[in-house]
Amino acid sequence: MIGGLFIYNHKGEVLISRVYRDDIGRNAVDAFRVNVIHARQQVRSPVTNIARTSFFHVKRSNIWLAAVTKQNVNAAMVFEFLYKMCDVMAAYFGKISEENIKNNFVLIYELLDEILDFGYPQNSETGALKTFITQQGIKGQTKEEQSQITSQVTGQIGWRREGIKYRRNELFLDVLESVNLLMSPQGQVLSAHVSGRVVMKSYLSGMPECKFGMNDKIVIDKQGKGGAGDDAGKSGKQSIAIDDCTFHQCVRLSKFDSERSISFIPPDGEYELMRYRTTKDIILPFRVIPLVREVGRTKLEVKVVIKSNFKPSLLAQKIEVRIPTPLNTSGVQVICMKGKAKYKASENAIVWKIKRMAGMKESQISAEIELLPTNDKKKWARPPISMNFEVPFAPSGLKVRYLKVFESKLNYSDHDVIKWVRYIGRSGIYETRC
Amino acid sequence: MPAVSKGDGMRGLAVFISDIRNCKSKEAEIKRINKELANIRSKFKGDKALDGYSKKKYVCKLLFIFLLGHDIDFGHMEAVNLLSSNKYTEKQIGYLFISVLVNSNSELIRLINNAIKNDLSSRNPTFMCLALHCIANVGSREMAEAFAGEIPRILVAGDTMDSVKQSAALCLLRLYRTSPDLVLMGEWTSRVVHLLNDQHMGVVTAAISLITCLSQKNPEEFKTCVSLAVSRLSRIVSSASTDLQDYTYYFVPAPWLSCKLLRLLQCYPPPEDGAVKGRLVECLETILNKAQEPPKSKKVQHSNAKNAILFEAIALIIHYDSEPNLLVRACNQLGQFLQHRETNLRYLALESMCTLASSEFSHEAVKTHIETVINALKTERDVSVRQRAADLLYAMCDRSNAKQIVAEMLSYLETADYSIREEMVLKVAILAEKYAVDYSWYVDTILNLIRIAGDYVSEEVWYRVIQIVINRDDVQGYAAKTVFEALQAPACHENMVKVGGYILGEFGNLIAGDPRSSPLVQFNLLHSKFHLCSVPTRALLLSAYIKFINLFPETKPTIQEVLRCDSQIRNSDVELQQRAVEYLKLSSIASTDVLATVLEEMPPFPERESSILAKLKKKKGPGAVSGNELEEGKREGGELNGAGERPGDSSAIGASNASTPSPSADLLGLRSAAPVSAAPPSAGSLLVDVFSEAGPAAPAAGANDDGFLRDLEPPTESSDSLLAEGPGDSDSAPPSVVSEDPAPPLPESDELLNKFVCKNNGVLFENQLLQIGVKSEYRQNLGRMYLFYGNKTSVQFVNFTTTVSCPGELQSQLNVQLKPVDPLVEGGAQVQQVINIECLTVFSDAPLLNIKFRYGGALQNLTLKLPVAINKFFQPTEMSSHDFFQRWKQLSQPQQEAQKIFKANHAMDTEVLKAKLLGLGTALLEKVDPNPDNFVCAGVIQTKAQQVGCLLRLEPNAQAQMYRLTLRSSKDTVAKRLCELLAEQF
């Protein structure tokens, strides 16, 4: 149970302080500031224990959010709550910045009162919250409306209110994936995984029941066994093995457990339907081939080749390769065939940017690095070369097979709903050792 | 940052610093610094040479970055270059960088030293000062080695500037502190001492620090400084406040110098020369007089400076401890400070008075302030001041005011801070004991102490009460009455119950006459507390009950009833259960005579220094309780106990004293002197019990044994042991008691033994708790075996002991010596034990290894056979086919041969068989037997007494899976035994 929640700016000044329990005193605010924000060594653990009090913090740009407790709470729950809190704030006033927080502090206190009660997290669904925490000031609400809100918020489907009407029933579905890789200089994959999210925006009337299908290996195999044998062989290749996944609260878990089908009544507006992780058969969009040669004590030659490894018809965007330079670099000369490359002294790296690159292409950069001889005997640790990009497909191989909408009470059917599907694959920590 | 003149301002640096200060986050700061570092690197790397100004600027930036906490690994060379510049600012930055960043193993140290040397030999005083400051700031051993010879020369040279002299003196002081062996004064000594006469006050102040430090190490060489210091002091003290100009601080002439002079004088005894002494006394009197004058300024600095000198002077007076007049004046002065409104002054006054109180001249004078001090104890806001007040009360206490002081401290104890309570308790206990004229007062005080601050009363305190009550028969009755009354309080501290239990058990009879405290009432009172107490206290109470049975036979049925009830006799705590069982048995079996002897009144304790003092000393850290205080305590303690000893006491006690050979019976001295005896945690708490501890056998055996089991030992060992004279001795011990006797060997130990016939190393035994590994080597008739005991649990084994026994005739055949093993085996750890084995003559049995330890309180006892068989002492003998058969035939008598035909237990693999036969220790003879399938071996068994030749023939029959084993040996038992051993192997 969360004892208190504090929000600090980058200097460690308290912007928001909400204490839920008596065991958290005023000095807790200072303790976190002194021991974490102003700590001499940068604190890397998100959980800090100070004088038998636990502080869980997340950082959004320059803002620190810290949940405090004296009890032995489930840390995952606290972090889930903090992330949710960030989402809610973002949904209300956009980017979380000092300015925005200062401008909206009444709203934030109101939200905190609603989503945490005596330290226990409550309904934090933005859609539901927006029905009764509004920014328009006090609107004359009738008794009826009030009781409707109460019954909806406390009811079985707390995330969606009744009586929503749209002229056009539309659905947007985004599959957002980030691919993480660590590769050896010889091109051996040391670790790779994809963490993905399915984000939906739904503008549907009434209380529709949705069913989401994707090429989950277990489902495909089951169908293959039940159906025709020849079909199983073909679709089995295209299916993916999901290591683990979590769902939005609207998904019926019992149905998922028994039939592994994802069915739900969607909240109105934008929400994250599921989160998943895969480790097998990942399509690596780029291959980085580094070549580092030390010429004497004062010179270093670096050559890096990147190869794109996907359909030539697709275009990768926002490609950025970051080649770390030694700490005693005194000068850099770069030659690249494509894009722009620059030595950024403030980050101790050469940054090579390419706007667009089609599949099955390759590009190269070479750099000469001059070094200053130092009296330090430490050898350069050779940090890995990292990469950023965005590709228009899902590196995990996930495909949306269907998204069906059923609304029995209103007169629109699955065919009337306009559905949009988009795949975006981004780089997570995509590194190659050199 | 150093002050830079306007024209010389480094704009780039200022911009950089303001950039960093404006950074919003740590990340931004790091980015800015990285950028700057890259810039500096490219500048340093650049081909064109940098001018002095930009070099200085970049070095300055590097220094700033370093001070922000980032690593700097370049730029040292540039800094060293700056040293050779002729501009002050550039040189200064160079030195600054080097004194902050230089690491001693750097290759640059030679260059740096060279630059410093150049500056030292230059005639420019500022450069010399810079160099000296750098040496002092770095202060490394290398620096000392390079410059220790040079600096004294600069210090005493006639033409050196004053400012350089100051720096040189302080630099030398620094080097002397880091590496005293390198700074050799010798010839310079007298000239350094004469610096005290220097006209420049700054030089004197710097020099006196050096002299004080040097004279602490070798006072003889610097003795001459005393008279110089005194004359210097008198000149300062007698000067008017305007005389010294720059060195007058808020109307006080040269306060720092005065303090340092006074401190220097504290290194020496009072001057012997009358004139010097007279002058010094005059000075001190002047200082004391000045303290009485009205202040010349209201500023706090003025009074601080004045008081600093005054306190230093008082410290000197106390150090001399020879001028009664001055001591009393000092005491009066401090008395004034006691009521000063400045807390720091009050603190200092109390602290100084504490030392004054120990001087015989001023003790009385200190005592006059008792009311003030008591008041301070009660009303001071600051706990550290209260602590000093308590210390002072303790120091000023003597016979005349003991009662008052103890009463005050007791009443303060109720509200005292937790941090000083335990110390207060100890002090009260010591004072009460030391100055007790009337022992009933002493008993009252201590019982009060336990009542008020029971939690802080350590074991030693209540041990001491009991010791004193036992030794003084005139207070026993009073003590019994008082504890009885104290116990009637509804909530008693456990320590009170302990004291009550013990005293009533011993002297309850003295108050039994009163119907209000009849035996049964006493017993019921004690028993009403029983269930609220911890195990050691309950154990003590059980002992008190059995004493009751002796004192008051009429309580016997009641007490037996209590002992017999399940919560006692079946208590889950072994100690309590054993006591209940034994006491019950004792009370029902033994006759009254036996009971009376066993449960006799405890003999008086021999005299010992009060262990409470030792405890106080330990608590305050070494040196906190002054030596004379301790001695005093010893003397007083001795007096007290001496008074308690009765010459020609009852014969019974005399006898029991006679039967105690060692003085270790003193439970108190023992507890403090040998804390080890309480180390085994399971037994330790039980050992605390006074009854068993009083047994003289306790300490020696107690370290490794179970405390309570000693009660079972024969009467000569422990006269006070409760079962000592109980009939039937250990036979009467109930079966539930864990036996200390070695357990019978494990049933599988023979099997385990067989594993080791053909090999020397391996795992001998293993269960959930313990793994025993063996490694052994043999040469001729000697063997050495390493046993490895591995604790497989995470809990430590205590009382870990191993013994080896040779049953029956084995004793004369085998000589086994065991190296002792550590009684504590930590969880997961392994201990090694070495066993030396000597084979005296042929033997057939294996020695037994008994292992005992406590695992979580339960005694583990297991016995194994040591893997030593006769074949271990084989010496292989090579011989030809001819020789073999000749000897084979010589040993043809029927008793010399042993033969066995048996089925193969394992697969008949030739290589395995060969390995086994080699492991046996014999030589495997090839091409001897006409049948190549057969194995033939020969060897000599080496014993101390004789050598026994032995021949072996193993004939495998692969079809029938059978072996025929034939052994011939000059000694019949050997052949038989080997045959038995080997038959199990194949």
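Naming convention: chains lettered A, B, ... in sequence-line order (proteins, then strands); numbering from 1 in each chain. Here the structure is a predicted model, which is why all the values come from computation and not from measurement.
The main-chain N or O of E347(A) is never found under 3.5 Å from a side-chain atom of K31(B) such that the two would form a donor-acceptor pair.
Taking every heavy atom of both residues into account, A38(B) and A345(A) meet most closely at CB-CB, 3.2 Å.
More than 12 heavy atoms of other residues, nucleotides or ligands shown are found within 6.0 angstrom of CG on L291(A). At most 12 non-hydrogen atoms from other residues, nucleotides or ligands lie less than 6.0 angstrom from NZ of K353(A). Counting non-hydrogen atoms of neighbouring residues, nucleotides and ligands closer than 6.0 angstrom, the CG atom of N49(A) exceeds 12 such neighbours. Annotation for R141(B): atom CZ counts as buried by contact number, over 12 foreign heavy atoms lying within 6.0 Å. Within a 6.0 Å radius of CG in D71(B), other residues, nucleotides and ligands contribute 12 heavy atoms or fewer. Counted within 6.0 Å of CZ on F105(A), heavy atoms from surrounding residues, nucleotides or ligands total 12 or fewer; the atom is thus considered open.
Of the listed residues (N39(B), N34(B), I40(B), I33(B)), the one with the most heavy-atom contacts under 4.5 Å to chain A is N34(B).
Of the atoms belonging to E27(B), it is side-chain heavy atoms, and not backbone ones, that fall under 4.5 Å from chain A. Both the backbone and the side chain of K24(B) come within less than 4.5 Å of a heavy atom in chain A.
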Should N328(A) and R41(B) be marked as a side chain to side chain contact (heavy atoms under 4.5 Å, CB included) after you check the CA-CA gap, both sets of side-chain angles, and the distance that decides it?
-> CA-CA 7 Å; N328(A) 54 346; R41(B) 278 197 301 260; 4.2 Å; yes
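A distance of 11.0 Å separates CG in L37(B) from OG1 in T329(A), rounded to the nearest 0.5 Å.
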